[in-house]
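What follows is a short report on a single structure.
All chains are named by letter (A, B, ...) in the order of the sequence lines, taking the proteins before the strands, and each is independently numbered beginning at 1.
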Amino acid sequence: MTLKIYNSLTRKKEDFSPIGNGKDVLMYVCGPTVYALSHIGHARSAVAFDVIYRYLSHKGYKVKYARNYTDVDDKIINRASEEGVDAKELAERYIRAFDADMDALGVAVPDVRPKATETIGKIIELTQSLIAKKYAYQSNGDVFYSVRLKKDYGKLSGKNIDELEAGARVDVNEDKLDPLDFALWKAAKPGEPAWDSPWGPGRPGWHVECSAMCLSHLGDAIDIHGGGRDLIFPHHENEIAQSEAATGKTPFAKYWLHNGFVNVAKEKMSKSVGNVLNIRDVLQAHDKEAVRLFLLGSHYRSPLDYTKDSIKEAEAALERFYKTIQRIEEEWTADIIVPALQRGNAVIDAMDDDFNTAGVIGAVFKEINRANKLMDEATDSGYKRQPATVLPSPPRGEGRVRGKLETIRALCKEASSFLGVFGSTPEEFFKRRKTQTDVSPEEIERLIEERNTARRGKDFKKADSIRTELLEKGVALEDTPKGTTWGVKRRFP
RNA sequence: GGCGGCGUACCCAAGUGGUUAAGGGAGCAGUCUGCAAAACUGCCAUUCAGCGGUUCAAAUCCGCUCGCCGCCUCCA
């Protein structure tokens, strides 16, 4: 099956074929404007394109992936002046914070991570070329792009210039020939970061920096350009206009991909509502794998609603997953050789259908159910696995069970390679979770001992009260044949 | 007003023309347990917002109605 991708430009699912006809893929994704801590919405975009990047690589494409930092912009300048710090310093601080958040989420590092401020030369060059081709004009130190000159302006967003004009809410700027024209270069105001240019000291406008970074790091025409849904207009529309006008090559990007938004309790996340959820706050409270599972649990183009329970649900699901893997390892083998899967499995089919990660997750859990059922049946029928040293050539029935379990694990492993979920060992997963509690492990161990003494003395009342007490602090005890174990509370009220 | 999207069980969410409508969470029952918890197993949508139409066949295509949302201004 071939990979199908929904293209915002054509509003259709299309078979994916790179522009170079080979295996090389050029992919550019709009990264953050670094003026504040990144929120769960940034995480969704980053994780979605991380999975797309990894999956393309998994399919054998040689992907060159660029994700930028917009590190010069009005918001950065305003924020810096509020805090009384240098704009560059502020931007650097939030670049570091973003990188740390991405690392914590297990997002692969893109091949290129350009910064707008390191691409000023290309921005000036691009702007000059647009002026030379009459697509742009200067006015009092500013340079504007003339939106009306390119006939196909609006092709990505489906907008029509005259209708935009009618309902225009854009600032009227006397220096502009047309209110819809946008700034390629802004003359510096006192105290603002500025670079020398043929039009005097200034800084790049929004939109142009992405074109410049893309053009200089990937090329005149790329395969995939991604970003959040909100960037379709005006950002990506303008990027297309200026890039295609400058290079004369159409299309600038063959496939345009846009991820949906994260809402918080059905409401759009915004500073004014005060419901912005920072990545690091979320990661403080939840396992990173659960956060990814939550983000990938619905299709990347759909809106995704965050509620206080949604990540806990993902956590509960992950526990079941790792408990099963642990069971396979403990009961059935330590020496499973994971065979290469042939193409055409449910995981690949789902991913090939516009990166349907929710479908992949469904397929994985279906296999998890199968694995448990197999192990139950095998145990009931007497094929319970013994250590390999005891049973060098297992009976036929057991061999069949092992074979099936191997296939199931291979499928999970394959999914984990591009999902970035399901890839831990059970030990790693449960160990990570144990660090997420307020009571010290020593204290917990002491209380477990106290409780077990009470239990031996049949003082169940005391035993139960210790258990309840710990549970209220988020620590759940489990009495197993091997002794009492503990973990952080899984279920939620 | 223009453009686009969505409505699948208690909640989340796949499926977009053809066997019994994935999967997760919650719930209930069973096994296990001192009792629990966890785990596992089983059960949980004759039906896909509503109404018409196309078709041998529709949750899936078309039309209408109702409801919700995004973009059009900075935003992932």
Side-chain angles (χ1 to χ4, degrees), chain A residues 8 11 13 29-33 35-36 38-49 73-75 78 154 157-160 162-164 166-171 206 226-235 237 258-263 266-271 276 293-294 297-299 301-305 307 309-310 312-321 323-324 326-327 346 350 353 356-369 372-373 375-377 379 455 458-461 463-464 467-468 471 476-481 484-487 489-493:
Chain A
S8 303
R11 294 180 195 93
K13 263 188 213 173
V29 174
C30 287
T33 298
Y35 70 105
S38 302
H39 52 67
I40 189 80
H42 294 104
R44 184 183 198 193
S45 182
V47 168
F49 288 105
D73 151 281
D74 290 351
K75 291 191 294 292
N78 293 341
S157 55
K159 297 198 185 304
N160 159 316
D162 297 315
E163 281 162 1
L164 279 172
R169 280 194 273 167
V170 283
D171 289 339
W206 192 37
R229 211 172 187 63
D230 55 320
L231 295 180
I232 291 174
F233 189 89
H235 186 59
E237 196 68 74
H258 295 97
N259 65 275
F261 266 45
V262 178
N263 296 320
K266 306 269 184 207
E267 220 174 351
K268 183 172 169 174
M269 223 180 355
S270 77
K271 294 212 167 56
V276 176
L293 186 63
F294 160 68
S298 57
H299 189 92
R301 284 190 282 116
S302 309
L304 174 60
D305 195 45
T307 65
D309 288 340
S310 46
K312 288 183 181 177
E313 288 178 9
E315 258 166 5
L318 272 178
E319 288 212 6
R320 217 163 72 73
F321 175 84
K323 285 265 183 186
T324 302
Q326 195 167 45
R327 182 178 176 202
D353 185 12
N356 185 354
T357 52
V360 173
I361 292 164
V364 165
F365 277 99
K366 201 171 180 175
E367 294 304 311
I368 286 298
N369 286 341
N372 277 311
K373 207 168 276 189
M375 288 188 284
D376 279 1
E377 284 166 7
T379 305
R455 286 176 73 211
K458 303 277 183 210
D459 184 357
F460 295 123
K461 198 172 172 186
D464 289 352
R467 185 171 62 196
T468 308
L471 191 62
L477 300 187
E478 295 176 27
D479 299 322
T480 75
T484 302
T485 64
W486 65 274
K489 192 173 164 190
R490 280 116 201 199
R491 302 295 177 198
F492 42 95

The reported gap from CG in A:Asn263 to CE in A:Met269 (rounded to nearest 0.5 angstrom) is 8.0 Å
Would you say whether A:Phe261 stacks on B:G70? The test is a distance between ring centres of less than 5.5 Å and an angle between planes of less than 30°.
-> no
Across every strand shown, the nucleotide meeting Watson-Crick or G-U wobble geometry with B:G1 (both distances under 3.5 Å) is B:C72
When rounded to whole Å, the CG to P distance for the pair A:Leu318 and B:A39 reads 13 Å
Note to self: So A:Arg301, base contact, sugar-phosphate only, or nothing? Heavy-atom distance under 4.0 Å.
What the structure shows: nothing
| message | Just to be sure I understand the rule, does A:Gly228 reach a base, reach only the sugar-phosphate, or reach nothing, if contact means heavy atoms closer than 4.0 Å? | response | sugar-phosphate
Taken to the nearest whole Å, CZ/A:Phe321 to C1'/B:A38 is 18 Å
### Message
Has A:Ser45 got a side-chain atom pairing as donor or acceptor with A:His42's backbone, closer than 3.5 angstrom?
### Response
no
Report which part of the nucleic acid A:Phe233 touches: base, sugar-phosphate, or nothing (heavy-atom distance under 4.0 Å, all strands).
sugar-phosphate
Taken to the nearest whole Å, NZ/A:Lys159 to C1'/B:C72 is 4 Å
* To do: Indicate, with a heavy-atom threshold strictly under 4.0 Å, whether A:Asn369 touches base, sugar-phosphate, or nothing.
  => sugar-phosphate
Margin query: Quick check on B:C40: is either OP1 or OP2 less than 4.0 Å from any side-chain nitrogen or oxygen of A:Asn372?
Written below: yes
So CZ of A:Arg455 and OG1 of A:Thr484: to nearest 0.5 Å the spacing works out to 5.0 Å
query: Counting just side-chain N and O atoms, does A:Asn263 come under 4.0 Å of either OP1 or OP2 of B:G70?
result: no
Rounded to the nearest 0.5 Å, the NE2 atom of A:His258 sits from the SG atom of A:Cys30 at a distance of 7.5 Å
Side chains of A:Lys13 and A:Asp353, heavy atoms from C-beta outward: is any pair under 4.5 Å? yes
So A:Val262, base contact, sugar-phosphate only, or nothing? Heavy-atom distance under 4.0 Å. base
Mate of B:C10 across any strand shown (Watson-Crick or G-U wobble, both atom pairs under 3.5 Å) is B:G25
Scanning all shown strands, the Watson-Crick or wobble mate of B:A59 with both distances under 3.5 Å is none
- Item | Distance test, side-chain N/O of A:Asn356 to OP1/OP2 of B:G15, below 4.0 Å | yes
| What is the nucleic acid contact for A:Ser38, judged by heavy atoms within less than 4.0 Å: base, sugar-phosphate only, or nothing? | nothing
Taking only nitrogen or oxygen atoms into account, show me every contact under 3.5 Å that the protein makes with nucleotides 5-13 of chain B, one pair per line with its distance.
none

Reckon A:Lys268 has a side-chain N or O less than 4.0 Å from the OP1 or OP2 of B:C71? yes
A:Glu319 CD to B:A26 P, in whole Å, measures 10 Å
**OP:** Report yes if a side-chain nitrogen or oxygen of A:Lys373 is closer than 4.0 Å to either non-bridging phosphate oxygen (OP1 or OP2) of B:G42; otherwise report no.
**Re:** yes
